[in-house]
Amino acid sequence: MAEETIFSKIIRQEIPTELLYQDELVTAFRDISPRAPSHILIVPNILIPTINDVESEHELTLGRMVVVAKKLAVEEGIADDGYRLIFNCNQHGGQEVYHIHMHLLGGKPLGPMLAV
Ligand code: 5GP
């Protein structure tokens, strides 16, 4: 059984966080340490620690995450200029919170995909 993270408490609204979106599958809220003018995290309501733990039964949830990202990008006014969606996985991916989350980043030119 994977250990819960702070994101489970946010999803259950046990700690004060402004939710931008929530339904039966996913929740979205602003990143506490934004790396861009718009930096939103979209997470599944169930705990999936890493992308390595994704199974076919999660396909609906993962699809919903993308649909919600698109909707929030419109609401943030960043859809036309563009934005980036990121999943980090494990150590080399730079994952810090072991409850999968999609980063939605935009509001300025984001530069190259990777610093090399
Ligand atoms: P990762 O590096 O795992 O892909 O990203 C984790 C993200 O979660 C980071 O961008 C970090 O700022 C954000 N984060 C960590 N703890 C909290 C929190 O308690 N609240 C919110 N809103 N974001 C958090």
Side-chain angles (χ1 to χ4, degrees):
M1 185 74 176
E3 211 170 301
E4 281 194 355
T5 74
I6 190 79
F7 289 178
S8 290
K9 291 191 168 62
I10 291 173
I11 292 160
R12 293 195 298 263
Q13 301 187 50
E14 291 172 2
I15 55 175
T17 308
E18 182 201 356
L19 299 187
L20 300 177
Y21 180 88
Q22 187 165 55
D23 65 20
E24 79 284 10
L25 293 178
V26 307
T27 299
F29 49 90
R30 292 195 192 281
D31 196 292
I32 202 168
S33 178
R35 268 63 146 223
S38 290
H39 187 174
I40 294 170
L41 301 175
I42 301 149
V43 309
N45 293 342
I46 57 163
L47 172 52
I48 306 169
T50 80
I51 290 293
N52 289 336
D53 301 302
V54 166
E55 304 287 353
S56 57
E57 72 202 50
H58 301 134
E59 284 173 6
L60 184 62
T61 299
L62 293 170
R64 183 71 59 82
M65 290 167 75
V66 176
V67 170
V68 170
K70 172 200 146 181
K71 168 185 153 60
L72 291 173
V74 171
E75 288 178 12
E76 291 283 295
I78 61 174
D80 288 345
D81 283 339
Y83 51 91
R84 188 169 290 161
L85 302 175
I86 299 174
F87 282 101
N88 293 321
C89 182
N90 275 342
Q91 190 186 358
H92 282 194
Q95 185 173 5
E96 294 171 3
V97 178
Y98 282 77
H99 180 136
I100 64 167
H101 45 281
M102 178 187 286
H103 296 260
L104 165 60
L105 294 146
K108 68 173 186 181
L110 296 171
M113 189 167 64
L114 289 175
V116 287

Quick one: [atom1] on [X] to [atom2] on [Y], what's the gap to the nearest 0.5 Å?
| X | Y | atom1 | atom2 | result |
| --- | --- | --- | --- | --- |
| Thr17 | Ile6 | OG1 | CD1 | 7.5 Å |
| Leu20 | Lys71 | CG | NZ | 10.0 Å |
| Ser8 | Glu14 | OG | CD | 8.5 Å |
| Ile100 | Phe7 | CD1 | CZ | 11.0 Å |

**Distance flag, aromatic centroids of Tyr21 and Phe29, threshold under 6.0 Å** = no
**Message:** Are His101 and His99 an aromatic pair, judged by ring center distance below 6.0 Å?
**Reply:**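 Ring centroids of His99 and His101 are no less than 6.0 Å from each other.
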Please tell me whether [X] and [Y] are part of a single hydrophobic cluster in this structure, the criterion being side-chain heavy atoms less than 4.5 Å apart.
| X | Y | value |
| --- | --- | --- |
| Val68 | Ile78 | yes |
| Met102 | Leu41 | no |
| Leu72 | Leu85 | yes |
| Leu60 | Val66 | yes |
| Ile46 | Phe87 | yes |

**side chain to side chain contact (heavy atoms under 4.5 Å, CB included) evaluation trace for Asn90 with Asn52** = CA-CA 9 Å; Asn90 275 342; Asn52 289 336; 3.2 Å; yes
Side-chain touch [X]/[Y], heavy atoms, less than 4.5 angstrom:
| X | Y | value |
| --- | --- | --- |
| Val54 | Glu59 | no |
| Ile40 | Asp31 | no |
| Gln13 | Leu19 | yes |
| Arg30 | His39 | no |

Any chance [atom1] of [X] has more than 12 other-residue heavy atoms, nucleotides or ligands included, within less than 6.0 Å?
| X | atom1 | result |
| --- | --- | --- |
| Glu3 | CD | no |
| Asp80 | CG | no |
| Gln91 | CD | no |

Identify the heavy atoms of [X] and [Y] that sit nearest to each other, and give their distance.
| X | Y | value |
| --- | --- | --- |
| Val26 | Asn45 | C-OD1, 3.2 Å |
| Ala69 | Leu104 | O-CD2, 3.8 Å |
| Thr27 | Gln22 | OG1-NE2, 2.8 Å |
| Ile42 | Met65 | O-CE, 3.1 Å |
| Tyr83 | Ala73 | CE2-CB, 3.5 Å |
| Arg35 | Leu105 | CB-CD2, 4.1 Å |

**Complete:** Students should find that the hydrophobic cluster of Val74, defined by side-chain heavy atoms under 4.5 Å apart, otherwise consists of none
**Prompt:** Stepwise, does the side chain to side chain contact (heavy atoms under 4.5 Å, CB included) test hold for Asn88 with His103?
**Reply:** CA-CA 9 Å; Asn88 293 321; His103 296 260; 3.7 Å; yes
**Request:** Could you tell me whether Glu24 and Arg64 have a side-chain N and a carboxylate O separated by less than 4.0 Å?
**Result:** yes
**Lys/Arg-Asp/Glu bridge criterion (N-O < 4.0 Å) met for Glu75, Lys70** =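 Judged by the 4.0 Å cut-off on N to carboxylate O distance, Glu75 and Lys70 do not form a salt bridge.
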**Request:** Applying side chain to side chain contact (heavy atoms under 4.5 Å, CB included), run through His58 and Ile48 and close with a yes or a no.
**Result:** CA-CA 9 Å; His58 301 134; Ile48 306 169; 3.7 Å; yes
